[in-house]
Amino acid sequence: MLHNRRILLGITGSIAAYKSALLARELQRRGAEVRVVMTPVATEFITPLTLATLTGHRVYSDFTEDKNKGLWTNHVELGLWADVFLIAPATAQTLSSMVAGAGDNFLLAVHLSSRCPVIVAPAMDLDMFQHPATQENLGALRSREISIIEPDSGPLASGLDGKGRMAEPNDIADALDSWFADRSPLQGKRVLVTAGPTHEPIDAVRFIGNRSSGKMGYALAAAFAKAGATVKLITGPTQLTPPANVQEVVHVQTAQEMFDEAIASFEKVDIAVATAAVADARPINPSENKLRKNELPDAISLEPTPDTLAAFGANKHSGQFVVGFALETDEGRGSAQEKLKRKKADMIVLNTTADQGAGFGTDTNKVTIFEKDGKTHNFELKSKAEVAQDIVDTVMNSLQP
Ligand SMILES: Cc1cc2nc3c(=O)[nH]c(=O)nc-3n(C[C@H](O)[C@H](O)[C@H](O)COP(=O)(O)O)c2cc1C
C-alpha cells in the first residue's frame with residue numbers, strides 16, 4: 001500500500017530520533033517517496049545530513065534557506081505535496097504545540113498548513129506519556145482525526161521500564177500500510193481476475209495452447225487483494241501457486257470453461273481484469289480418446305471460442321470497471337487503443353514481445369496503459385509484481401472522483 005505514496009516524515013527531539021533513519025529506509029523499501037522535516041531540537045539527535053543522504057532529498061528544519069539573501073522555505077508546499085504527514089518520533093512538547101496550534105518552528109508550521117492527514121508516533125519516558133497533560137493532548141489530537149501509533153512498552157532510555165518507547169520502524173510502516181489499506185478505494189470492492197493460458201483439446205491428451213505463464217495475472221490478483229479488494233482468480237493451467245491473500249481460486253482448462261466461469265461471476269464484481277491469454281479458436285469436435293498416429297488428421301479445423309473480454313464490455317453495468325490486456329508482437333499502440341474501444345473496456349494494458357523482457361513467461365514486463373478517456377501511462381521494464389502495483393494504482397486513481 002505504500003507504493004508511490006508521498007510521505008512527509010516529521011522528526012522531533014526525542015532520543016528515538018535515531019530510529020527515524022531506519023523508518024525512512026523501510027518506507028522507501030516499501031515503495032514510498034519520503035521527504036523529511038525536523039524540529040531544530042531533532043537536529044541535535046540525528047543530523048539532517050543522514051536523512052538527506054538516505055532519502056535523496058534536502059531536509060527541512062528552518063523557515064529560511066539563506067537569511068542574507070532573504071530565501072525562505074515554503075512550508076505550505078510541503079503540506080500540499082504529502083499524502084500523509086507522519087511525525088515519528090513525536091515528543092510531548094510537539095504534541096502539546098500541535099494541540100495549541102503553535103507555529104514557532106518549521107515542522108509546526110507545516111502541521112498547521114498541511115491539508116493531508118496527520119499520524120503521530122509518540123515517544124517519551126513513561127511518566128511523560130502517562131501525564132494527564134500528554135494524555136489530554138493525545139485525546140485532543142484524536143478528536144481532530146489525527147491517528148496515533150501507540151508507543152511500545154519496555155526498557156526506556158531513562159533506565160525506567162514502561163510504556164513510551166516509539167513503536168519499531170517496521171511496525172510503524174505496517175501501521176501506515178494498514179492505514180492506507182483502510183482508506184483504499186479498493187477496500188471492499190470485488191475484483192475478478194482471469195489468468196494463464198487455456199488448453200483447447202485436439203483429443204484426450206493433445207491440446208492447442210500458448211506460452212502464457214500466468215505470472216502477470218497472479219501478480220495482479222495478489223496486488224488487488226493487498227489493496228483491500230476481495231479477489232476471485234480464474235486461472236487456466238499454470239505451474240504457479242495461487243497467491244495466499246486471494247479469497248477464491250477456480251481452475252479451468254478451456255476458453256469455454258474460462259468464459260462460463262467468468263460470465264457467471266461478472267454480475268457480482270466491481271472490477272473485472274482479463275489477463276488470461278484465452279485461445280481465440282479451438283479444434284472442432286475433439287476426439288474423446290487419444291488418436292493413434294495413423295488416425296491424426298492432416299489438418300485441424302478450428303472454430304472461434306467465446307470472447308470473455310468482449311462479453312465483459314457488452315454486459316457491463318454502470319459502476320463496473322473492465323480492464324483488458326493486449327499482447328502484441330510489434331509496437332502495438334494503435335491496435336491496443338482500437339481493442340479498448342471495440343471491447344468497450346475502461347482500460348487496456350499493452351505489453352509487447354518487441355520489448356525485451358516483456359510478455360509471456362518472463363518475470364518482468366513493460367506496459368503502457370490506455371484509459372477510456374484518452375489518458376496514456378507509459379512504464380519502464382519492471383518485475384511483474386511492480387507492474388501489477390502500477391496497474392492497481394492506475395485503476396485506483398481512475399476510480400477516485
Ligand atoms: C537526551 C534527551 C532525550 C529526550 N528524549 C525525549 C523523548 O523521547 N520524548 C520527549 O517527549 N522529549 C524528550 N526530550 C525532551 C525534548 O527534547 C524537549 O522537550 C524538546 O523541547 C522537544 O522539542 P521538539 O518537540 O520541538 O523537538 C529529550 C531530551 C533529551 C536531552
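Whatever order the structure lists ligands and atoms in, that order sets their numbers, starting from 1. For this chain, numbers begin at 1 and follow the sequence in order. All values below come from the heavy atoms of this structure, side chains included, with hydrogens, waters and symmetry mates left out.
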For A17, enumerate each residue passing the side chain to side chain contact (heavy atoms under 4.5 Å, CB included) test, keeping only those at least two apart in sequence or located in another chain.
I11, F45, I46, P89

Does T254 have any side chain to side chain contact (heavy atoms under 4.5 Å, CB included) partners at least two apart in sequence or in another chain, and if so, which?
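Here the qualifying residues are E200, P201, Q256, E257.
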
So does L49 get a backbone contact from the side chain of T53, meaning a donor-acceptor N/O pair under 3.5 Å?
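Yes: the side chain of T53 pairs with the backbone of L49.
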
Within the 3.5 Å criterion, strictly below it, is a donor on Y18 or T50 matched to an acceptor on the partner's side chain?
no

With a 4.0 angstrom cut-off on heavy atoms, strictly below it, pick out the residues next to ligand 1 and order them by chain and number.
T12, G13, S14, I15, T39, V41, F45, T91, A92, Q93, T94, N105, A123, M124, M128

Return each pair, listed once, that meets side chain to side chain donor-acceptor pair (under 3.5 Å) where at least one residue sits in residues 1-14; pairs must be two or more places apart or across chains.
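Qualifying pairs, neighbours excluded: H3-D393, N4-D393.
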
Closest approach of F259 and D307, non-hydrogen atoms and distance?
CE1-O, 3.8 Å

